[in-house]
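Reckoned from all heavy atoms, side chains included, excluding hydrogens, waters and symmetry mates.
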Amino acid sequence: MAEQKKTLVVTRFDPDRDQTPTTREYEIPVEADWKVLDALNYIKAQVDPTLSHRWSCRMAVCGSCGMNVNGEPKLTCKQPLSAYGERVEVAPLANFPVIRDLVVEMDGFMERLKQVKPWIIEAKEEAKREGTNRQSHAELMDFKQFSMCINCMLCYAACPVVANEPDYLGPAALALGHRYNQDTRDHGGVERNQILRDDGGVFSCSYANECSEVCPKGVDPAGAIQQAKLNNVLDWAKRFVVPRRKPRAPTAAAQSDEPGRG
Amino acid sequence: MGYSFEACRDAVRAGDAGMDVQRHDIVIVGGGCAGLRAAIAVLHQNPAASVALVSKVYPMRSHTVSAEGGAAAVARDDDSIEMHGYDTVKGSDFLGDQDVIQYFVEQAPAELAQLERWGCPFSRNEDGSVATRAFGGMTTKRTWYATDKIGFHMLHALFQTSMQYENIVRLDEHFVTKLLVDGGRCGGVVALDLRSGEMKAVLGRAVILCTGGAGKIWPFTTNGNIKTGDGMALAYREGAPLKDMEFVQYHPTGLPGTGILITEATRGEGGYLLNTEGERFLLTRDYGVGAKAELGPRDMISRAIMLEVRAGRGISVPGKIGEYAHLDLRHLGEEIIDGRLPFVRELARSYAGVDPVREPIPVRPVLHYMMGGVDVDIEGRTCIEGLYAAGETACVSLNGANRLGSNSLTECLVFGARAGVHAVGFAREGGAGDAAEPQLLEQCSAEAARIEALRGSKRGDETLAGLREALNLTMEEGTGVYREQSAMARTVSAVAELRKRYQNLHLLDSSRVFNTELTEALELGNLIEVAETVAVAAKARKESRGAHACEDFPTRDDQNFLHHSLVHRTPEGPPRFDTKAVTLGTWEPEERKY
Amino acid sequence: MRALMLKLEPIIWGLFGGGMFVGALLLPAFVLVLGVLAPLGVVTLDTGALFALARHPLGRLVCLVTIALPLWAGAHQLRHIFLDFGGLRYDGFLGALLYLLALLGSALGIVAVWNL
Amino acid sequence: MSTLRARLDAMRPSQAGPTRTADPRPPDHFPSRGNYRSYLMFGLGSSLMLLVSANLLRVVKSLGDGERAFDALLESFAHPLYLGFHLLAFVWLSWVALHFFALFPKTQPFRIGPFKRPPDALLVTGLRALFLLSTLLVTALLLGVL
Ligand SMILES: Cc1cc2nc3c(=O)[nH]c(=O)nc-3n(C[C@H](O)[C@H](O)[C@H](O)COP(=O)(O)OP(=O)(O)OC[C@H]3O[C@@H](n4cnc5c(N)ncnc54)[C@H](O)[C@@H]3O)c2cc1C
Ligand code: SF4
Ligand code: F3S
Ligand code: FES
């Protein structure tokens, strides 16, 4: 096999030394079936051990290895190196502050996740139950897709609203909120919808759809957010028309036993 | 300086150490399935407790995320607690402790039901109940699944559930480098904050280690980059013995090159293993699995594949070293594959360039799981007071010599919870008094100095990559699917040699912030430490049992070896080997035939 | 101002969604006939017939909907474009302005339809 | 890389971390990359509705004001600038419509009661056919053919 070479243009940044990020070029031999991550790991092991990047599972499920490759957010352990030509630019995810090299600050993301209350909120009388719930396959399918998010944050790096609205909860967090609202086992719809339609919530999304384009797991956060908008409109309308009735989400999922508020 | 039981999580500057000191009731190291379950259990037991959850990666990155097949617990009418118990005992080749197994199978259904109520999106039967699938070594369908991403869904369900507890204080991306033990009493940990490069003392009245396995000891593994046996090494260094370390599980079906796992559920759903002649060798030849064929236990199937390869019936894959078997799913059809094994299809396509709907997947045995670990009792207690362990990092002796697939996630839940409950009880009673804080802080300063000295240190000319490769090679040679006394002896001395070479590391990165060269160096140190115990224990077991297949002693020897092995660290010199009795009970050892 | 807009988001978004749908289905045809074909003289419009058509209750409704809803859609989209280019600081002002325009347009639409 | 700037506080945590960070970049190649381009075209195109509908308002109003007013208005539409604008609006809005219908299906719930959402491709084709039909219908109605 003829040995192939590629040049990786990698962003480097050490806050103790550099004012702003710079790039460094590495020309390395590559193998035909390498992913972008393999090249980075080769550099780290053989060329420059001072390079820092996050990775673990190398099977596209832990979500650590997201980076901007040639300007597009990619899961580097899944993205084949052969998709690119001689020069491959690897930069930290856009829209995030950078801690070092390819490592971004993700605490902001973690806070956003928590804000949508991503846990089952049980109806009060159920709190001490045992055994399992019943849930039909169809009911499972109402939210399954939205539960596939690996928190890789590629969608945040792609979304123009994230770049411009610092309070925006962002695609993955909003899709996660919608996921719980759609789950028949959850009874926190009213509570959660108030968060979802608040400042930085679903209505900040302008449906750029780029989140869904880059999502490596087919979560389709853009779809989730628009559906959540619709839920909120119907929720709101119903309460407006019949103020005293219990609000019901349109897909029979997000219901609550609490009387409508707001 | 004592501290109250009430949540006390202010960070205080400890005078001399110049180090951040945090005080909690319980310190949990590891945010995988076991760690998260333990954290929630602590707070269910005592909502006022303060828990520090220290993890070197954000919890949802833990390697639990990669588990595919499912988690076992009795669910069907045609099943029973006894049957699950017997399967597990037999799977363990009678090296599992039967009191532990009894407790485990009894608790399993409630633990998984709990997880269902926490929102884990399990796959469903027609009637809306949780669906179960067949798994290797299990008599009936008792593996609860969520298509083929159970670990991912469990981990995210647990993590998201844990977010509602304000008393869980997460220290994400904090690498624990040392346990603080004084006078046989564990009082916390020291952690390297990856972000700032600074050391923090995290004190607690009890510490629970949930740091996962050590697959990275071997070159070809299903394990992720973070599985470096840190917890085992931490406990081992403080004097806790490691138990049954020779038993490492090879999973029969890993992808060429990467070792990425193709779940056993492929066989549970009806997939075949074929040799180069297209023959279902598990059925046609005698490999001890009987009519179970592809649903036999992992140790036997891995050996069968190796024997097929040896007999010249292996399949070679262009550009990949070694020979393989074929995993054939074509007869299942696209609907079943997409409906129940979508991730397998995604993985095979992305990482092997094969679409299982149309072609068989080349697979070979790959290192997967450590049956051994920190020796703990049924409460998760180690021999160090206040130190607990649970999950893959612990060895509660559920799995004995061979783990049944889908038992380990449930193990993380059952024993993670039990350790949590016991630890918080222990902390409330104050145990045998708290460890003396000044002594602990002194240890912190010493540890900080050690880390500081290691960062970017240029002591010799050994590189990380070089040492790692040498370790991988010798461990593969000595502790593969089949083992030989002479090779094991070579490995024992090679690892001891590596321990010395490790002192001559040449590191290049002296920076403070997110220095991954430093963490890799620390991890390599842990890997070597743990690898040595594996080699020593393997060499000492002169029989074949479960996953330990010794060619010089091809049969099981209950007379001399129906015992656990313990490896103790000695300050200088080679590890000290010891044994411990197996707890029998209902089931007497018998020949293991399927 | 922004706080008020936030409270009203569900209505605004509902109007926007409706506007996009109506606008997409009906506006191109109107533009084509009234704005291109007729002025070019490709076709000649029968004003009387048009008047009758518009006066029909259904015609009035269609007229109103086609005027009012797309106004909201347009206003909303324009607001988001401003946001995408860093207009967050002016969002309260610009958003209010745009929606007021849409409101005004809708009111005038009602008047116009009434006067048919 | 993009020439625009992301807000410096984009995705910042509520409390600053212990070390200095480099500022966030906006999405690379915004807005020149393909998908962003169509997103912007879509946004700008639908913003046009503001003007087009305002014009329609004038038309309806003039109808109410009588035949003369209407004819005068139509006459003013013959101005090249007006013509150009309307031509552009027609093309642009038609594209917006087609794009909108492609984006529409996934905004709907997967299921309403027992009814599943039809496959996206079917919905898109259906909606686009509807668009064609309604355009033809409205044109025919306006021309008095029906
Ligand atoms: C590919 C694969 C598939 C599997 N499939 C199945 C299956 O289908 N069914 C089944 O039952 N089992 C399965 N297993 C086994 C099972 O997944 C593991 O045994 C289990 O997930 C271990 O969980 P854990 O909580 O013990 O550790 P992990 O999930 O590995 O978590 C370890 C945690 O410890 C932290 N940590 C480690 N070291 C340090 C340190 N020094 N400082 C701070 N934190 C640290 C890590 O950050 C991490 O959070 C599979 C395993 C693999 C690898
Ligand atoms: S929604 Fe998709 S892109 Fe966004 S974090 Fe989740 S998996 Fe990643
Ligand atoms: S890219 Fe952003 S604007 Fe909405 S559709 Fe996706 S979140
Ligand atoms: S390394 Fe886990 S997703 Fe890429």
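In the model, T21(D) has a side-chain atom that pairs as donor or acceptor with a side-chain atom of R12(D) under 3.5 Å.
Interface remark: D46(C) contributes no atoms to any contact with chain D (heavy atom separation under 4.5 Å). Interface remark: L53(C) contributes side-chain atoms only to the contact with chain D (heavy atom separation under 4.5 Å). The part of L88(C) that comes within reach of chain D is its side chain, from C-beta onward, which places non-hydrogen atoms under 4.5 angstrom from that chain. Within the 4.5 angstrom heavy-atom criterion, atoms from both the backbone and the side chain of L141(D) approach chain C. Only the side chain of V96(D) comes within less than 4.5 Å of a heavy atom of chain C; its backbone N, CA, C and O stay farther away. Using a 4.5 Å cut-off between heavy atoms, L45(C) contacts chain D through its side chain alone, with no backbone atom that close. Heavy atoms closer than 4.5 Å to chain C are found in both the backbone and the side chain of L130(D). Only the side chain of I81(C) comes within less than 4.5 Å of a heavy atom of chain D; its backbone N, CA, C and O stay farther away. Contacts of F85(D) with chain C are absent, with no heavy-atom separation under 4.5 Å from either backbone or side chain. Both the backbone and the side chain of F77(D) come within less than 4.5 Å of a heavy atom of chain C. For V36(C), the parts lying near chain D are the backbone and the side chain together; criterion is any non-hydrogen pair under 4.5 Å. In this structure, chain D has a heavy atom under 4.5 Å from the side chain of A54(C), while its backbone stays farther away.
The shortest side-chain heavy-atom distance between S53(D) and L27(C) falls under the 4.5 Å cut-off. Residues S38(D) and H99(D) have side chains in contact (heavy-atom distance under 4.5 Å, counting atoms from C-beta outward). At least one side-chain heavy atom of R117(D) sits under 4.5 Å from a side-chain heavy atom of D120(D). Taking 4.5 Å as the limit, some side-chain heavy atom of F85(C) sits within range of a side-chain heavy atom of L40(D). Side-chain contact check for Y82(D) versus P39(C): every heavy-atom pair is 4.5 Å or farther apart. A heavy-atom distance below 4.5 Å is not found between the side chains of P24(D) and M11(D). Contact annotation: the side chain of W95(D) approaches that of F42(D) to within less than 4.5 Å [non-hydrogen atoms, C-beta and beyond].
At a heavy-atom cut-off of under 4.5 Å, chain D is reached by L98(C), G105(C) from residues 95-105 of chain C, listed in order of number.
Aromatic pair H76(C)/W72(C): centroids not less than 6.0 angstrom apart. Aromatic rings of F90(D) and H86(D) (six-membered ring for Trp) have centroids beyond the 6.0 Å cut-off, not under it.
Top candidate by heavy-atom pairs under 4.5 Å with chain D, chosen from A38(C), C63(C), P28(C), A112(C), is P28(C). Your options are L116(C), L64(C), L32(C), V62(C), and the one with the most heavy-atom pairs under 4.5 Å with chain D is L32(C). In terms of heavy-atom pairs under 4.5 angstrom with chain C, the leader among A54(D), G43(D), S47(D), G64(D) is S47(D). Ranked by non-hydrogen atom pairs under 4.5 Å with chain D, the options N115(C), L40(C), V43(C), T47(C) are led by T47(C). Of the listed residues (S46(D), G45(D), A97(D)), the one with the most heavy-atom contacts under 4.5 Å to chain C is S46(D). When each of L127(D), D71(D), L142(D), L44(D) is checked for heavy-atom pairs under 4.5 Å with chain C, L142(D) comes out on top.
Across all their heavy atoms, H29(D) and Y36(D) have their closest contact at O-CD1, 3.7 Å.
Note: W13(C) and F16(C) have tilted aromatic rings, judged against thresholds of 30 and 60 degrees for the angle between ring planes. The aromatic rings of F131(D) and F101(D) sit tilted, their planes meeting at an angle between 30° and 60°. The aromatic rings of F100(D) and F104(D) lie tilted to each other, with the angle between the two planes from 30° to 60°.
In this structure F93(C) satisfies the side chain to side chain contact (heavy atoms under 4.5 Å, CB included) test with no other residue, sequence neighbours excluded.
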